[in-house]
Structure formats: structure tokens, C-alpha cells
Amino acid sequence: MVEVQDSLLYAPSHEWIRIEGDIGIIGITDFAQSQLGDIVYIELPETDENIFMNSAFGSIESVKTVSELIAPVNGNIIETNEELAASPELINKDPYNNGWLIKIKIEDKKQIEGLLSPGDYEDMISGGNE
Amino acid sequence: MEKFIFEYKEKSELYLKKEEGDGKVEISKDLLQKKELGLPNISEGTLVRHFTNLSRNNFGVDNGFYPLGSCTMKYNPKVNEKIAGNDKFLNSHPLMDEEYFQGNLELLYNMGEMLKSISGMAGITFQPAAGAHGEVTGIMLIRAYHNFKKDTKRNKIIVPDSSHGTNPATAAIADFEVVEIRSNKDGLVDLNALKKVLGPDTAALMLTNPNTLGLFEKEILTISKMVHDAGALLYYDGANLNPLLGRVRVADMGFDVVHFNLHKSFSTPHGGGGPGSGPVGVSKDILPFLPVPIIKKDKDLFSFNYDLKNSIGHVHSFYGNFNVIVRAYFYILELGIEGLRKVSEKAILNANYLKEKLKKYLELPYKSNCLHEFVLSGEKLKAFGLHTTDLAKRLIDYGYHPPTIYFPLIVPEAIMIEPVETETKEVLDKFARDFEKIMNEASSQPDLLKEAPHNTPVKRLDDVMAARNPVLTFDDYESSNK
């Protein structure tokens, strides 16, 4: 079974965000990586770029397909996971820790309220269609 | 597995070596060849064997059933190859004076008339060299149309989530923003979702009909009205034209621009990168923007017309890949409109026949009758620790080209099957029987699928490693083997 972590919030487009004060760490879920299959390439924005809720901030390529990465909230990028360029498989192996994508300064903490709780996200993926 | 040609070190007498010269002619040192020429060192006999063996590793429609969804891999009649190989076609050159290739111009003109009658469009250009090239030409025409009307704020192109990957790629290459809309539960365009995104910034909606699930967009007239009411245009991706031939005209569904894939609907060979042909048809309003030249008929005389002041210009040298068009022209002439109607009829019948046979083994997520192709879901295979890709690889062992897999993206573990009209009932029955055998193997001996293919010159390729560490040149290959 795919893992949904209790300490995170989720977007319907299968990104997770870990909130640490004003800082948000973003990655894709275990469900997302299992659907994508082996990830071979990842395209991330540069530090200091802004990302916008519900808009693409990068793309992720697996042997099956290329998908967009969608921002769960607005923010300014303070760090990206540079290890992924050489080892994109980290996302498959450890999507919630070593496979993180970007770290942002959250612009508007109110946006967090619209995200899915672990329980809601679990219901969504067990519904099958997403 | 056949070696690379540079791996032969035969010391052939034919080998062109670096030569020192006999000293009789003085050549400045800096002009002398410094390294060996780097040509294959191989005898003529080995050379012939090399290429013959390579060709035996190939698989094409002339080898076996090739139900590659969305690609319309139909038989290419050999007579059209023969006609296209005629000296008169082969030896003409576009830089000759027009009076010396009137026949070629007449053929292009007539082919344009036939495509106009099949599609209902008002004008055609033959310049684009492939389907995707046709798409980008079509989208450039749409931009030219909006710009001409000083309607320059239209920077968005809408595509459904089931669209061919080339559609969003085309829009992005042509510098539009791509807006994706979800399909509804029947796998068709969701009219509410469309309504929400249509607006004064919409340049066009790109659509295939039937769509990628092989389903006919029943609301196409409503869709085209909505798009036109918003001031946008409707683009038809001709990839799925085969089941409409002689039955539905693209223009009558409200499309403004269409590209044709001659290698799909009109039976020219699918190239390994070319040469192909992707003519574009346009409605009356878009005629002034067509690439130049267009072909003019003046009584019995044909000529190139460059006099289109609002043309988007050239998108290919001269007039596209002429010899491909010759094949498609004779294909259409041989069949006639009645024959084309039989093509679409049998393409639809074959797909539905095979769909009914195969839905016993894998889930059919969208249940309505299909047109030329259908999509099954391999989710069920997961119970045996398998994926759709394992089934596809095992089909190779049975002598088939695997169908398209993992596309469209809206079906999990998708397998997309397009049997085309040129296959017989016997071929389809045999395929269904082999499919059943493989499904039995999936439950009894899943490793047979997991390790497939077994009967090929190379076993299962490591596509993850190939994508992560691509070896793209012979030098890379040599150093990776050291």
C-alpha cells in the first residue's frame, strides 16, 4: 500500500507540503511516484523564483510520462533539492524525505487552509480516479 | 545481436587509409590528412550481411500485426511504391521551369481538390513535412488570422487531457500558453470545463475527433459553436481521421484548420523520422495566410502562386515531400469515395470486434461503442505483480508489435489498440486467442511476462538506465564498454 504521512498536508494534484513556521517543504506523494513509475528526470525552478498556487513550477519525467509539478501555495523558493539532478530515483525511494523537491517561504499562510488533510487525501486516492 | 559497423576490423583491401603520397606532388603539410579517415573497415560481402541482418531485426506492417493505437498502421499497397518510383516523378526537380513539370503540379492541384472534398475545407498547403509540422503550421495560421484582425490578446490554446502529446507541445512551441481541460465521465470533452476556460484570451481549441479513447465527440457542434462564440478557432488534429473518411467532413463539424497525416489515413509509409507529409487544410477565412507558394490552375496550365501578401511564408523548402504525396494521391484514386467509405467502415468494425473479444480479459473503462480504436486498462494485472508494460513485452514474443501503452494518461495502465481496416478477421481472432494465452500465463507463470521478450535479439531493455544515462554516440558506446 502507498504511504500517506500524518504530519503533512496534500494537494489534489498529489504534492505534499511540510509546514515549518513560514517555511514550506514540497514534494510529490508516494501515490504519485508509484503511478509515475521510475523517475528519470526532474526540472525545478531556480532559487528566488516565485511559485503560484495551482500553477506549474516544474516537470517530472518517468519512463511512462511527463507530468507537471503544481504549486500547492504561493511562495518564494529558498532552496531546491540539488541531489535530484544526479539521483532522480530518490523520489521513488523516499518521496517524503530525501526525495523532497523545493523549500519555499510561504507567502500567504491562509492558502494552507484549502489543502487536504492526510485523511482527505487518503480518501481521494482510494476513490481510485485521481 | 549484429555488431556496429565500426566494430568490424577486417582490414579490407577496400579500406581508404591515410596515405603518405609518393612525393611527386608537393602538398602543403597543413593540408594533409592527420588522422585516419574513421571509415568502416569492412569487405563488401560482410557489408551486405551486416545490413541484411539488421533489416531482419526490424519489424513493420509487412512482418506482422501492428495494432499501435493512434498510429493507424495500415498496409501500404506496393503498387503505390511502384508508381512513386517512376523515373518521371523521381527525376523532376523543383528548380526546373514550371512548364517542364506540369504533370507534377497537376497531381498536387488534384490532390488538393481531393483533400478539400474529403474534408470540406477551402484550401490546402502541402508544405509541412509531417503531422507535428502540420500542427505547428496550423497554429501559426491561427495566430496570423487573429493578428490580422488586430485581436492580439489571444495567447491561450485549450487541449483536452486526453489529447495527443503533440497538441500541447505544438501550442508551447508556437509560444501559446497551454490550458488543459478534464474529460467528463464518458471520456468526452466536459462542456462546463470548456465554458469556464473559453474567453477573449483563447486562440483555439485543439481536438481530435474521434478522441484518443476512440470515442466520437457527440457534442462537437455545440463545442464548435461555443469556441466560435468566444471568437476562437477550432483546430482538428487529423491523427484520427481514418474512421471518418467518406462519412463526416471535418469542415461540417465546424473546424477551421486541420492537418492530415498522409502516413496514417492515406497509407504512405510511416518513416523513421521521414520523409513524411502533413498537409494542412483551412477554411475560407484563413486562405489568405497559407504558406506560399500555392498552386494555381489557369485553364490547363498550372503554376506556383507566390502572390499572397498576408502569407505566413515558407514552412518547408519548395513544396513539401512530393513523393509521399504521390503515394497518397494514387491510394485515394484507387479507392475512390466508395472505397474510402469502406475503409472507415471496416476500421470501425474491426476495432469494435476486437474490443468485444478483449474486454473479457481486461477492463474496458469507457464502455460505449468505439470508432477506430479502444483503450483497455491493465489494472487487473497488478494482482499478479504485473503491469501493462509486461503484457506488451510478451506480445512481442507472439510476433506482434505491442499496442500503445500508458496513453492516454486518463486511463490507468492504459493499453490502446487500433487494428485498422486492412487486417482480416483471421488475424484479429488469432490476436485475441494469443491475448487470452498471455492472460493465462499472467496468472500461472507471471515471470514469463515479467522477463519478456524472450524471442528477440535483445532481452528486456533497461529503459530507466537508458533514460538516466543515455549513450548517444559510437564514441560514448565505446568508452562505456571499456
Side-chain angles (χ1 to χ4, degrees), chain A residues 1-2 11-15 28-45 51-71 81-95 98-99 124-130, chain B residues 156 159 161-169 171-172 177-187 190 196-197 212 363 365-366 377-382 385-390 392-393 402 404-416 460-470:
Chain A
M1 265 328 282
V2 295
S13 45
H14 309 288
E15 289 81 13
I28 65 164
T29 64
D30 190 28
F31 177 79
Q33 73 77 20
S34 73
Q35 290 289 307
L36 285 165
D38 290 303
I39 290 158
V40 294
Y41 182 72
I42 181 127
E43 192 181 347
L44 294 174
I51 63 169
F52 301 96
M53 187 164 83
N54 297 334
S55 293
F57 68 83
S59 63
I60 186 162
E61 184 174 343
S62 73
V63 287
K64 286 187 205 165
T65 184
V66 184
S67 294
E68 288 187 323
L69 297 162
I70 308 292
N81 186 350
E82 285 173 12
E83 276 183 67
L84 297 180
S87 312
E89 67 274 13
L90 287 175
I91 301 171
N92 292 117
K93 284 184 194 150
D94 192 8
N98 290 325
M124 190 189 99
I125 58 176
S126 55
N129 276 332
E130 268 307 310
Chain B
K156 287 186 180 150
V159 299
D161 56 6
S162 65
S163 74
H164 290 129
T166 48
N167 294 171
E177 198 181 309
V178 182
V179 180
E180 191 179 279
I181 51 167
R182 301 207 141 197
S183 305
N184 65 20
K185 65 174 179 15
D186 299 319
D190 185 326
K196 262 187 217 154
V197 295
T212 309
E363 192 206 340
Y366 296 95
S377 167
E379 279 286 281
K380 202 174 130 181
L381 292 163
K382 285 185 176 166
L386 296 169
H387 292 91
T388 298
T389 188
D390 302 311
K393 301 285 185 197
T404 302
I405 56 173
Y406 301 119
F407 181 78
L409 305 177
I410 55 175
V411 173
E413 294 290 320
I415 179 165
M416 182 194 207
R460 179 80 66 106
L461 298 175
D462 186 345
D463 45 4
V464 178
M465 192 173 86
R468 283 182 186 158
N469 305 305

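So that the names make sense, note that chain A is the first sequence line, chain B the second, and so on, each numbered from 1. Just so we're clear, the structure is a prediction, and the values are computed from it rather than from any experiment.
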B:Glu379 versus chain A, heavy atoms under 4.5 Å apart: side chain, backbone, both or neither? neither
Using non-hydrogen atoms only, which part of A:Glu89 is less than 4.5 Å away from chain B: side chain, backbone, both, or neither? both
Side chain of B:Arg468, backbone of A:Ile39: donor and acceptor closer than 3.5 Å? yes
Greater than 12 external heavy atoms within 6.0 Å of B:Lys382's NZ: yes
From the list A:Asp38, A:Val66, A:Thr65, the residue making the most non-hydrogen contacts under 4.5 Å with chain B is A:Asp38
